[in-house]
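Working notes, beginning with the structure itself.
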Amino acid sequence: MRLYLASTSPARRALLAQTGIEPVLVAPGVDEDAAVDAARAELGRELTGPELVGLLAVAKANAVADARIAGSAVDGFVFGGDSAFEVDGVLHGKPHDPEVAKERWRQMLAAGGGTLWSGHCVVDRRLDRGADTAADAATDRPGGAGRAGTVPPVRRVDAPGGGPLGIAGNLGDVAPGGSTLVAAGDHVVAVDSAVLTFAEDVSLDEIDAYVATGEPLEVAGAFTIDGRAAAYITRIDGAPSAVVGLSLPVLRSMLLRGFGVAWHDLWAL
């Protein structure tokens with residue numbers, strides 16, 4: 001069974017590969033800033049962390065789900081993901097610029113940590129899928145209690161919604177360290193989160209040296225836990241894979257509870 005990854009992120013691909021899944025990588029070509037600006041303008045307010053990453057995850061997955069790959073229609077599941085790091089109520093994406101990255105680090109260290117929001121969207125584009133597969137799966141596999149530290153049940157809604165956030169508008173409030181999953185038609189959308197604590201004695205010289213490597217410039221929050229920044233992070237409350245860019249436990253639950261597909265069915269054997 002094929003999984004299309006609506007991303008060119010080496011980190012997301014590596015996460016899947018280490019669990020036995022070899023995805024088909026497809027660049028989604030989504031103008032993320034334009035999508036967020038349009039939703040913000042229509043809502044008349046800033047987006048919350050769960051809303052922002054959910055909106056962009058859906059946009060990326062939809063862009064690939066409706067495309068033709070090497071001249072053929074998509075046949076399998078499409079995954080889109082997005083991440084943002086929240087510090088003192090302010091959401092941060094990729095810094096791009098070294099001076100911006102340094103300032104982000106000063107803010108993060110002053111706050112002591114923050115919340116990493118990870119958005120997920122899975123679209124079922126199997127050409128041979130049954131019409132009632134998703135509904136049956138959501139009914140038969142309700143999931144856990146939904147408290148922080150567990151993957152909650154899938155909530156099924158009648159329609160994706162026509163507001164500025166689409167199906168992501170059904171995600172609701174998510175507590176830092178918690179997660180939520182929503183299904184509508186052939187879509188399952190989820191948000192997972194992890195609360196990070198940084199070492200309290202990181203110096204300005206260490207920040208400068210880290211930024212000089214270039215590693216933090218193109219990642220949400222200006223850090224990675226699977227790279228040089230791992231030594232500066234003292235605690236993670238949540239799935240470590242969510243901080244890398246894709247919550248593996250949540251993706252497994254989306255497939256199993258949303259579509260009745262077991263994780264090992266996607267392994268490249």
Side-chain angles (χ1 to χ4, degrees), residues 2-17 21-40 42 47-70 72-85 91-94 96 116-126 160-171 174 179-193 218-221 241-248 250-255 258-259 266:
R2 187 172 291 121
L3 178 68
Y4 296 81
L5 179 59
S7 170
T8 56
S9 164
R12 290 192 178 105
R13 182 199 171 279
L15 274 175
L16 291 167
I21 298 172
E22 290 294 343
V24 178
L25 272 63
V26 184
V30 171
D31 187 334
E32 299 181 26
D33 290 339
V36 172
D37 288 345
R40 182 191 296 124
E42 192 166 344
L47 275 62
T48 67
E51 289 173 341
L52 186 147
V53 298
L55 172 73
L56 293 179
V58 173
K60 294 175 185 179
N62 283 343
V64 172
D66 296 333
R68 296 187 68 82
I69 311 301
S72 300
V74 169
D75 183 11
F77 290 100
V78 180
F79 172 82
D82 191 73
S83 301
F85 193 63
L91 292 170
H92 297 298
K94 301 172 183 177
H96 302 299
L116 191 290
W117 299 105
S118 185
H120 305 62
C121 178
V122 174
V123 182
D124 186 357
R125 282 294 186 267
R126 293 173 295 172
L165 298 175
I167 187 175
N170 294 297
L171 290 168
V174 186
S179 54
T180 187
L181 290 79
V182 175
D186 57 5
H187 286 59
V188 176
V189 181
V191 169
D192 198 12
S193 61
E218 299 303 324
V219 289
S241 59
V243 185
V244 177
L246 160 60
S247 175
L248 294 172
V250 165
L251 177 56
R252 171 189 169 273
S253 292
M254 294 170 75
L255 292 164
F259 304 107
L266 276 74

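Since this is a predicted model, take the numbers as computed values, not measurements.
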Quick one: pull up [atom1] in [X] and [atom2] in [Y] and give me the separation to the nearest 0.5 Å.
X	Y	atom1	atom2	value
L246	D82	CG	CG	12.5 Å
L248	D192	CG	CG	10.0 Å
D124	M254	CG	CE	11.5 Å
I21	L5	CD1	CG	10.5 Å

Looking at every heavy atom in both [X] and [Y], which two are closest together, and how far apart are they?
X	Y	answer
A35	L56	CB-CD2, 4.0 Å
V123	A65	CG1-CB, 4.0 Å
G54	L171	CA-CD1, 4.1 Å
S83	A220	O-CB, 3.6 Å
V53	S118	CG2-C, 3.9 Å
I167	A184	CD1-CB, 3.6 Å

Okay, side chain of [X], backbone of [Y]: is any donor-acceptor separation there less than 3.5 Å?
X	Y	value
Y4	G80	no
S193	W117	no
R12	G245	yes

Item to check | Full working for side chain to side chain contact (heavy atoms under 4.5 Å, CB included) between C121 and V189 | outcome: CA-CA 4 Å; C121 178; V189 181; 4.0 Å; yes

Can you name the one residue among [options] that meets side chain to side chain contact (heavy atoms under 4.5 Å, CB included) with [X]?
X	options	value
L16	L25, L266, L3	L3
F77	V122, L251, D186	V122
L91	V36, L47, L52	L52

Next on the checklist: If you apply the rule side chain to side chain contact (heavy atoms under 4.5 Å, CB included), what do you find for R125 with D66, and how did you get there?
Outcome noted: CA-CA 9 Å; R125 282 294 186 267; D66 296 333; 3.1 Å; yes

Checklist entry - Is there a side-chain contact between V78 and K60 (heavy atoms, below 4.5 Å)? => result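 Side chain of V78 against side chain of K60, heavy atoms only: no contact under 4.5 Å found.
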
Checklist entry - Is any side-chain heavy atom of S253 closer than 4.5 Å to a side-chain heavy atom of L181? => result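 When only atoms from C-beta onward are counted, L181 and S253 do touch, with a gap below 4.5 Å.
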
Next on the checklist: Atom CZ of residue position R2 - does it have more than 12 heavy atoms of other residues, nucleotides or ligands inside 6.0 Å?
Outcome noted: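 No, the 6.0 Å shell around CZ holds no more than 12 heavy atoms from other groups.
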
